[in-house]
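This report concerns only the one structure given below.
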Amino acid sequence: MSNTHQEAIKQFLSLMGNVDEKLNDTFQNMHHGYPTETLARFLKARDWDVPKAYKMLIDCLQWRIQNEIDNILSKPIIPADLYRAVRDSQLVGLSGYSKEGLPVIAIGVGLSTYDKASVNYYVQSHIQMNEYRDRVVLPAATQKYGKHISTCLKVLDMTGLKLSALNQIKLLTTISTIDDLNYPEKTETYYIVNAPYIFSACWKAVKPLLQERTKRKIQVLQGCGRDELLKVMDYSSLPHFCRKEGSGSSRNRSNGTIDNCFSLDHSYHQQLYNYIRHQANLIESGRPIKQGSIHVEFPEPDPEDTKIAKTIESEFQRLADQNGICNSLNGLKVNGD
């Protein structure tokens with residue numbers, strides 16, 4: 001780390017020494033014994049500008065207090081059938097670890113439908129996975145690999161991406177804003193696999209809008225990405241949709257639900273759900289756990305994120321118009337025959 005960066009961390013630490021007890025408590029719950037590394041993440045997210053990073057962290061701590069994020073892992077989504085519906089339509093899971101010990105998070109972007117529950121349940125589920133990663137998964141990896149591990153790898157499966165994904169752009173922007181503002185710099189690399197034409201067209205339009213720092217983190221791989229991913233992880237940690245060229249689908253159940261890290265029956269989701277139920281029982285001590293989603297306040301999206309979302313929308317619209325023209329031409333040809 002350069003002298004300039006060390007100086008920035010020193011200034012930041014000094015500013016944090018003056019925050020009130022409530023903010024300090026939630027900061028302790030957030031940094032898990034690594035305050036310097038946490039400050040460095042916020043500084044990276046604000047290009048090492050101390051006042052901007054300080055404002056970002058204070059806003060994040062206030063958001064955590066207002067929305068009781070420190071207690072979110074004691075609020076299960078119940079009944080289990082509703083949670084299963086969330087899992088079946090918000091495809092996310094932990095498939096294993098890289099050779100460096102980083103958790104590998106798999107995300108089924110193309111086949112997630114987000115249509116089985118209210119927006120609040122999807123946001124609640126997403127934040128719970130973030131918190132479980134930070135409080136349980138990363139500390140366990142740190143212990144296992146004997147070095148501090150604070151980031152993960154994400155493998156994004158674009159199988160099944162359609163123009164109808166436009167309906168989810170608002171929810172996805174909300175989730176991505178929550179991550180950008182409150183969980184910055186937690187992903188080392190984003191690997192994009194099984195990318196159809198529609199993704200390539202959007203990527204061309206969106207790429208120039210991304211910050212250099214973000215661009216460097218994104219790798220678009222050929223096909224299912226298996227060979228490239230095997231350079232950074234073992235076969236057993238490959239997400240199920242990367243295991244076989246041409247297997248195609250995020251919902252591929254050929255290896256059963258045990259290998260499908262999106263499934264509620266996968267060990268990761270079982271452990272996560274049991275952990276949340278256990279935390280709830282500790283707090284409720286005998287009383288029935290309340291049903292209902294948690295209403296988290298959605299932060300205002302960054303103007304840059306809004307610009308990206310609008311670009312994706314207009315690109316999808318352009319493709320839809322093109323598609324419409326092709327379809328009507330096909331129609332004429334068929335009628336002409």
Side-chain angles (χ1 to χ4, degrees), residues 88-93 95 105-116 119 122 126 153-177 179-180 187 189-211 214-229 238-252 260-262 301-302 304-334:
D88 283 347
S89 52
Q90 180 185 34
L91 304 177
V92 187
S95 66
I105 310 282
I107 304 172
V109 178
L111 290 172
S112 289
T113 53
Y114 298 98
D115 60 351
K116 301 281 191 291
V119 166
Y122 289 115
H126 179 78
L153 304 178
K154 286 186 177 167
V155 184
L156 279 57
D157 180 25
M158 296 293 164
T159 299
L161 188 67
K162 295 186 180 73
L163 292 170
S164 57
L166 202 53
N167 303 331
Q168 296 137 27
I169 198 93
K170 202 172 174 191
L171 172 59
L172 294 173
T173 304
T174 297
I175 284 174
S176 124
T177 303
D179 283 355
D180 291 348
T187 304
T189 311
Y190 296 89
Y191 295 103
I192 290 166
V193 302
N194 296 323
Y197 168 74
I198 187 174
F199 169 80
S200 312
C202 277
W203 178 236
K204 221 174 272 181
V206 167
K207 195 178 178 182
L209 303 176
L210 298 174
Q211 293 179 334
T214 308
K215 258 188 263 191
R216 281 196 298 271
K217 288 183 178 188
I218 298 171
Q219 292 188 31
V220 182
L221 305 182
Q222 283 284 97
C224 72
R226 184 189 55 193
D227 296 342
E228 283 301 308
L229 291 172
L238 278 182
H240 56 284
F241 50 79
C242 296
R243 293 195 170 188
K244 196 173 73 184
E245 284 292 352
S247 64
S249 168
S250 278
R251 293 185 191 278
N252 176 22
N260 181 344
C261 64
F262 298 149
D302 184 283
E304 291 300 309
D305 286 350
T306 308
K307 196 172 168 188
I308 288 165
K310 291 231 177 307
T311 304
I312 293 171
E313 277 184 58
S314 60
E315 197 55 32
F316 268 48
Q317 198 53 60
R318 185 182 70 77
L319 291 165
D321 292 346
Q322 263 185 11
N323 220 22
I325 291 165
C326 291
N327 286 344
S328 57
L329 287 174
N330 286 343
L332 284 172
K333 193 177 170 191
V334 170

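The figures that follow rest on heavy atoms only: side chains count, while hydrogens, waters and symmetry mates do not.
Residues satisfying the side chain to side chain contact (heavy atoms under 4.5 Å, CB included) criterion with Val119, sequence neighbours excluded, are Val123, Leu171, Phe298. Residues meeting the side chain to side chain donor-acceptor pair (under 3.5 Å) test with Lys215, sequence neighbours left out: Glu212. The ring pair (Phe, Tyr, Trp, His ring centres under 6.0 Å) test applied to Tyr191 returns no partner, not counting sequence neighbours. Contacts of Thr177 classified as side chain to side chain contact (heavy atoms under 4.5 Å, CB included), with partners at least two apart in sequence or in another chain: Thr173, Leu181, Pro299, Pro301, Asp305. Partners of Lys217 according to the salt bridge (Lys or Arg N to Asp or Glu O under 4.0 Å) rule, which considers only residues two or more places apart in sequence or in another chain, are Glu185. By the side chain to side chain donor-acceptor pair (under 3.5 Å) test, Asp115 pairs with Thr113, sequence neighbours left out. With sequence neighbours excluded, no residue forms a side chain to side chain donor-acceptor pair (under 3.5 Å) with Lys116. Scanning for side chain to side chain donor-acceptor pair (under 3.5 Å) contacts around Gln219 gives an empty result, with sequence neighbours left out. By the salt bridge (Lys or Arg N to Asp or Glu O under 4.0 Å) test, Lys310 is found to be paired with no residue, residues two or more places apart in sequence or in another chain being considered.
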- Query: Stepwise, does the side-chain contact (heavy atoms from CB on, under 4.5 Å) test hold for Phe199 with Val109?
  - Reply: CA-CA 11 Å; Phe199 169 80; Val109 178; over 6 Å; no
- Task: Output, in order, the C-alpha distance, side-chain angles, deciding distance and verdict of side-chain contact (heavy atoms from CB on, under 4.5 Å) for His240 and Ser95.
- Result: CA-CA 8 Å; His240 56 284; Ser95 66; over 6 Å; no
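Among the candidates Thr159, Val155, Leu111, Leu91, the single residue satisfying the side-chain contact (heavy atoms from CB on, under 4.5 Å) test with Phe241 is Val155.
In summary, the side chains of Tyr122 and Ser89 do present a donor paired with an acceptor at a separation below 3.5 Å, with no hydrogens or angles considered.
We find the CG-CG distance between Asn194 and Asp157 to be 4.5 Å, quoted to the nearest 0.5 Å. Taking CD of Glu228 as the start and SG of Cys242 as the end, the distance is 12.0 Å to the nearest 0.5 Å. The structure places CD1 of Ile175 at 5.5 Å from NE2 of His126, a figure rounded to the nearest 0.5 Å. Considering CG of Leu156 and CD1 of Ile192, their distance stands at 5.5 Å, rounded to 0.5 Å. To the nearest 0.5 Å, atom CG of residue Leu221 and atom CE of residue Met158 are 11.0 Å apart. Between atom OG1 of residue Thr187 and atom CG of residue Asp179 there is a gap of 7.5 Å, rounded to the nearest 0.5 Å.
Considering every non-hydrogen atom in both Cys224 and Leu229, the closest pair reads O-CD1, 4.3 Å.
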